[in-house]
Amino acid sequence: MLEVKDLHVTVEGNEILKGLSLTVNAGEVHAIMGPNGSGKSTLSAVIAGKEDYEVTSGSITFEGRDVLEMEIEERAQAGLLLGFQYPVEIPGVKNIYLLKAALNAQRKARGENEIPAPEFMKLVREKLAFMKMDASFLQRAVNEGFSGGEKKRNEILQMLLLEPKLAMLDEIDSGLDIDAMKIVADGVNSLRSEERAVLMVTHYQRLLDYITPDYVHVLVDGRIAKSGDKSLALELESRGYEWVLEESAA
Amino acid sequence: MATEEMEQLVRREYTQGFVTDIESDTVPPGLDESVIAFISEKKGEPEWMLQWRLDAYHQWLKMKEPSWAHLNYPPIDYQGISYYSAPKKPEDRPQSLDEVDPKLLETYEKLGIPLHERAALAGVAVDAVFDSVSVTTTFKEKLGEAGVIFCSISEAIREYPELIKKYLGTVVPQGDNFFAALNSAVFTDGSFVFVPEGVTCPMELSTYFRINAANTGQFERTLIICEKQAQVSYLEGCTAPQRDENQLHAAIVELVALEDAYIKYSTVQNWYPGDEDGKGGIYNFVTKRADCRGDRSKVSWTQVETGSAITWKYPSCLLRGKDSVGEFYSVAVTNGRQQADTGTKMIHIGEGTKSTIVSKGISAGNSEQSYRGLVKIGPRAKGARNFTQCDSLLIGDRSGAHTFPYQEIGNSTATVEHEATTSKIGEDQLFYCRQRGISEEDAVNMIVNGFCKDVFQELPMEFAVEAEALLNVTLEGAVG
């Protein structure tokens, strides 16, 4: 589904990713872990198309399409969706308006008609209930005045509604208390299916107690230094990142 | 006055593209006493009105064009402008839309203003100003039943001289400023509204101004009076076709609110802003002022400014009555090479007066925009309050936003709050929306409309929808 090959990325002259390769197939959940500054968030940002990230060499393909040639919105429409670590506030724009605009933009890209209002409301209420969010969320401006936990739940709510093929989650666990973490994890788990994949970037093993990954990758100095299964995450938790650093340096 | 000769001399036909083919009579460029006399006679004005105009003209001769605004434009040749142009009219004014030149209606259609539809569907009475003469007024009967007078200012001068004498120039005196003096000398048309005591105007009043004849300055004059406990909502919308020459527009709007009266004045302004290099756009130098004369009177200015090459405009309130209220809600959008210096003045004179200023400026392309606001609290204005919120949004990195807030507080019991922000349209906000699959253009529109929401919600419903659409059109291609 997603194929990243020998990806080199510079940000403001600094090379952050130095030959990263990764394959994600449908049905899989991947976790990217690593120390601060290793380039974890850069990977998902580059796949999503964030500007200011210069790809100097390498390739990213998604279902056979060259992702680097696609506009930001085209990537989203193709099913690549990023859950932000710091979701931005958009004053004056109601949450429900953004949700509807996003859903309709994606439907339009697929050649479908706009969703009828009653159907949309039914769908949104269903997803809201799942995320244990109050209906008043819909009338509030996008992320404005939301608590950290509310913002993260809002990100997952968008995922549930937009049903991406590849959901990328950038430190979705940061700033969450244990109850919010469970709700967010339930949301992510409900996305899991044979046709869909999840790519999580996280600093802590904690999240993986709730969302069990099929693969864990350790990112060190812009490259994947080690890959394994869930047990690798547990090992990282008990031993830290040092040994991976040493191993990769050797 | 050799009026006939002059008329024959200057009678000309339109030859350029998108200009309605309606015969108009125009005086040759230039301004002197004979031109003013020509205008006054054309309008069938009494002698005292001509004297009033000449008085303004003499004051204007001694005045200098203001240069303090943050605007940059070549000098205007006031002798190079023609000061009168009117579509040729039949013996009498058309009494209904059926009698109006279909070509004029066609032009409105082209500009997206379905006049008859709007009038019929929205129940809005329309006093359309085409060039300088009002050619149609609708719903007059219904207004008449309520005792509301809604007509062209020329008609008012002829039909209601006592009201004109009592109120004209009492809010914006002839010698108020350079452009006001010019307008007072040569104004050709505009609207007059009088709402008698205790009457709430039964419908929203609307005027569409349009500039058509080439090289012809447009000098409207609008006067709205609300007597005690009267209320009116007035909508003004402007649009003009593409021109090559810069066109000067110097209008005056005077509002008078007596005790417990409420005037809501909404503007959507979309004049031709010029081409990509700023060539050919409208110069808009407007003096708009409200006089809250009566206790507890209230005036609310709401404006959406998207057009013109140059905008110089400060709708203001003189808060004289005790507990009177002034409001100013503004969205100004500039793109391309547009320049706008706009804002408001809230002059607190009476006790317990309150004012609110919400200004939203959006600058895109190579445009420059300034907010200039004065809040003045006089010594007698005990307990006066002002709240000002002034936000600027920049799109791209070649546009400019400037804020010039002035405060003169002459009273220690006053409360004045000022909040100002300048932000660049967030790359992060755009990325966020696009990462949800929303196109860049739609994302910009969404963010900008969100930014303007506080102002749009002050507009009458149908205007708000129009304003949003207008904003989207104005910002087309602003990003990317």
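Just so it is clear: chains get the letters A, B, ... in the order the sequence lines come, proteins before strands, and each one is counted from 1.
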Does any heavy atom of chain B fall under 4.5 Å from the side chain of [X], the backbone, both, or neither of them?
X	value
A:Ala48	both
A:Pro164	neither
A:Leu98	both

Least distance between heavy atoms, A:Met159 atom then A:Gly83 atom
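Closest pair (atom of A:Met159, atom of A:Gly83, distance): CE-N, 3.2 Å.
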
Distance in Å, A:Leu2 CG paired with A:Leu199 CG, rounded so as to fall on 0.5 Å steps
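A:Leu2 CG to A:Leu199 CG: 7.0 Å, rounded to 0.5 Å.
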
Going by side chain to side chain contact (heavy atoms under 4.5 Å, CB included), name the residues that satisfy it together with B:Ser355, two or more places apart in sequence or in a different chain.
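Here the qualifying residues are B:Leu319, B:Met346, B:His348, B:Asn386.
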
Spell out, as yes or no, whether a donor-acceptor pair under 3.5 Å connects the side chain of [X] to the backbone of [Y].
X	Y	value
B:Thr342	B:Lys313	yes
B:Ser367	B:Gly365	no
B:Ser363	B:Thr334	no
B:Tyr406	B:Lys345	no

Below 3.5 Å only, please: all the donor-acceptor pairs between chain B and chain A, one per line.
from     : atom 1 : to       : atom 2 : distance (Å)
B:Asp428 : OD1    : A:Lys50  : NZ     : 3.2
B:Gln429 : NE2    : A:Glu89  : O      : 2.9
B:Tyr432 : OH     : A:Asn143 : ND2    : 3.3
B:Tyr432 : OH     : A:Glu155 : OE2    : 2.3
B:Tyr432 : OH     : A:Gln158 : NE2    : 3.0
B:Arg434 : NE     : A:Glu73  : OE1    : 2.5
B:Arg434 : NH2    : A:Glu71  : OE1    : 3.0
B:Arg434 : NH2    : A:Glu73  : OE1    : 2.8
B:Gln435 : OE1    : A:Leu82  : N      : 2.7
B:Gln435 : NE2    : A:Leu80  : O      : 3.1
B:Arg436 : O      : A:Gln106 : NE2    : 3.1
B:Arg436 : NE     : A:Gln158 : OE1    : 2.2
B:Arg436 : NH1    : A:Leu82  : O      : 2.9
B:Arg436 : NH2    : A:Leu82  : O      : 3.0
B:Arg436 : NH2    : A:Glu155 : OE1    : 2.7
B:Arg436 : NH2    : A:Gln158 : OE1    : 3.4
B:Gly437 : O      : A:Gln77  : NE2    : 2.9
B:Glu440 : N      : A:Glu73  : OE2    : 3.3

